[in-house]
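What follows is one structure encoded as structure tokens, with my remarks underneath.
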Amino acid sequence: MALRRLRDGAGRTIPAAAPFAAVAGKRLPAHDPLRARQDRLRPALTALRRAGVGTQGLNLAWDFTVASTRGLTGDLFTIRDDAFRRLGNRSPDFTVTGVRDFTADQDPRIAREVTGQLTVPGYLDRPGGPPGSVLHRDRDGTPRRLPLATQLATFRCEIPRAAFRNPSRPSLHGHGLLGSRNEVGAGNVKDMAAEHDFTFCATDWIGMAKDDVPVVLAALADPNLFPAVPERSEQGMLNALFLGRALIHAKGLTSDPAFRTAGGRPLVDIRHGLAYDGNSQGGILGGALVAASSDIRRGVLGVTGMNYGLLLDRSADLAPFQRVLDVAYPDELRRQLVLQLFQMVWDRGETNAYANHLTDHHQVLMHIAYGDHQVANAAADVEARTIGARLLSPALTAGRSPDTVPYWGIRRIGPGHLPYRGSAMTVWDSGTPTPPVSNTPPAGPAYGHDPHEDPRNSPAARQQKATFLTTGRVINVCGTTPCTASPTS
């Protein structure tokens, strides 16, 4: 990695700092305190020279070790493979605990709400896997099921009125930051279910759910506690994978009277296969879930991005946690180091670790809110480039983006290539001011309305999502102009 020819805000060339200039220069005497650093840096400088990058104009250079795909994804895939091997061709065990039928006056969109519990093998180190648990590992560090342990995953499903006319399509729903399964009852989810005949089911994304808030706060102050966040999230992903299997298995949820009409007809058509639709945290973690699933073929990642280490400082959602970070790490430079150390562990519990192979066997549609106050657009751009998603264009009106080359490195979907079959990104613009280019959140009146929830509340966006999830085709629902979404309260 090399930084060269840097300039300050006035356009003046920034010289290399004296220590780096010495290390990058002539061979230092053996007694020089920088000699050891020079010796460690020489392989990187040699590699740069071979690539045509000399030391002239160089401000900084370093090398680093990257993680392997197996190292990043091995924990989740190990528990997934073991759990589904134990399951075989059976449906996960479940119990329906509640059924609520609504009249059209009570809810014109949803006819029935079903709640229940699934039994999932437990891979956390404490029975029941309470908040603060980490993966149970053998002597080699490989995750193993805690002997005889099970995890009860509570779920909630919303069955639309349309399903009583024609069986609905099954889909998992992913909730937002430190939320719960009950977000499946949000208005925009009900609209999507009613308009396009989807039954959405959700379970708490443990590790990053409401009950985990105290653990997250403690972990931000003490890195030794941090593995509990992503590792419990991996059990949460397994819980969702089991819920998905139960939803589409012939002897799963649809075999229960709660998922049938009074005459016994299934309200969910399992022949359609399983879809995924998640927003915010449900988009950030959802990429990992989609990558790990053999049942999901297509997923929508709403207002998404990846790499929490990049997102946190750029998110308005950090404010409630900022005081903890300020006390624990008053030096801002050290805080950045700590956040990236967190990320090395966090990778395994979010899309960042799975992105390079996410679209090998899956299709995803990314929906982005331009100027999002909560999930930085920069993190979505990185994700789109990494997974090879194409950009529906035109994405923004001319001059809207501060970038010299807006959406650099992301190939466009032109009008002649629609409908497009593949992974894609659509940008929805509510007129919110452009986000800051600095490592700061869009805070204060100058940044106006937060568009974070606008795409999911747009009927046009829901139409695009539904077409993608049902057919695999990305369609243009915005004509010849960039996509816009009306601000929602």
Side-chain angles (χ1 to χ4, degrees), residues 96 99-116 155-175 181-203 240 243-250 252-279 282 286 290 293 295-302 363-365 367 419 426 455-475 477:
V96 171
V99 178
R100 294 179 62 194
D101 288 315
F102 302 102
T103 66
D105 290 337
Q106 292 172 319
D107 194 326
R109 297 163 294 184
I110 300 300
R112 181 175 294 171
E113 176 188 295
V114 182
T115 56
F155 65 85
R156 173 175 168 179
C157 298
E158 302 288 322
I159 304 176
R161 298 197 172 280
F164 283 80
R165 298 187 293 272
N166 294 296
S168 58
R169 292 178 177 271
S171 180
L172 295 179
H173 177 264
H175 65 70
R181 64 190 179 280
N182 292 322
E183 291 177 30
V184 76
N188 70 89
V189 184
K190 290 184 176 183
D191 286 338
M192 178 77 174
E195 293 164 4
H196 303 288
D197 200 12
F198 278 88
T199 285
F200 287 104
C201 293
T203 185
L243 175 59
R245 178 61 59 86
L247 185 55
I248 63 169
H249 195 283
L253 296 179
T254 58
S255 67
D256 191 276
F259 290 86
R260 292 177 175 258
T261 65
R265 178 180 62 78
L267 293 167
V268 180
D269 190 345
I270 63 176
R271 297 173 301 173
H272 290 307
L274 185 64
Y276 176 79
D277 189 2
N279 287 290
V290 171
S293 176
D295 295 323
I296 299 169
R297 283 290 173 262
R298 292 183 285 269
V300 174
L301 308 181
Q363 282 180 266
V364 296
L365 174 63
H367 270 190
T426 301
R456 73 191 87 167
N457 284 299
S458 163
R462 293 195 295 268
Q463 177 63 66
Q464 188 185 53
K465 291 199 300 181
T467 300
F468 174 77
L469 291 174
T470 57
T471 69
R473 295 181 296 123
V474 178
I475 61 172
V477 291

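Computed over heavy atoms, backbone and side chain alike; hydrogens, waters and symmetry mates excluded.
Panel note: side chain Arg298, backbone Gln363; no donor-acceptor pair is recorded below 3.5 Å. Here the side chain of Arg181 pairs no donor or acceptor atom with the backbone of Thr115 at under 3.5 angstrom. Side-chain atoms of Arg112 come within 3.5 Å of backbone atoms of Ala258 as a donor-acceptor pair (strictly under, hydrogens ignored). A donor-acceptor pair is defined here as one N or O able to donate and one able to accept, closer than 3.5 Å; such a pair exists between the side chain of Arg265 and the backbone of Phe164. In this structure, Ser255 contributes its side chain and Gly252 its backbone to a donor-acceptor pair below 3.5 Å. The backbone N or O of Arg456 sits less than 3.5 Å from a side-chain atom of Arg462, completing a donor-acceptor pair. Side-chain atoms of Ser168 do not come within 3.5 Å of backbone N or O of Ala162 as any donor-acceptor pair. A donor-acceptor distance shorter than 3.5 angstrom exists from the side chain of Gln464 to the backbone of Ile475, with no hydrogens or angles considered.
In this structure, the separation between CD on Glu195 and NZ on Lys190 is 13.5 Å, given to the nearest 0.5 Å. Distance check: Glu158 CD to Arg109 CZ gives 10.0 Å after rounding to the nearest 0.5 Å. The distance from atom OG1 of Thr203 to atom NE2 of His175, rounded to the nearest 0.5 Å, is 7.5 Å. Between atom NE2 of residue His173 and atom SG of residue Cys201 there is a gap of 11.5 Å, rounded to the nearest 0.5 Å. To the nearest 0.5 angstrom, Thr199 atom OG1 is 11.5 Å from Leu172 atom CG. The OG atom of Ser171 sits 8.5 Å away from atom OH of Tyr276, with the distance rounded to the nearest 0.5 Å.
When all heavy atoms of Leu247 and Ile270 are compared, the closest pair comes out as O-CG2, 3.6 Å. In plain terms, the two heavy atoms of Met192 and Phe200 that are nearest each other are CG-CZ, 3.6 Å. For Gly299 against Val290, the heavy-atom pair with the smallest separation is CA-CG2, 4.4 Å. Here the closest heavy-atom approach between residue Thr470 and residue Ala466 is recorded as OG1-O, 2.7 Å. Residues Asp197 and Pro167 come closest through the heavy atom pair OD2-O, 3.3 Å. A pairwise comparison of heavy atoms in Ile110 and Asp107 identifies N-OD1, 3.1 Å as the closest pair.
The residue from Asp295, Thr254, Leu253 that alone fulfils the side chain to side chain contact (heavy atoms under 4.5 Å, CB included) condition with Ile248 is Asp295.
For His367, the ring-ring contact (aromatic ring centres under 6.0 Å, His included) partners at least two apart in sequence or on another chain are Trp428.
Proximity of Asp277 to Phe198: side-chain heavy atoms (C-beta onward) are nowhere separated by under 4.5 Å.
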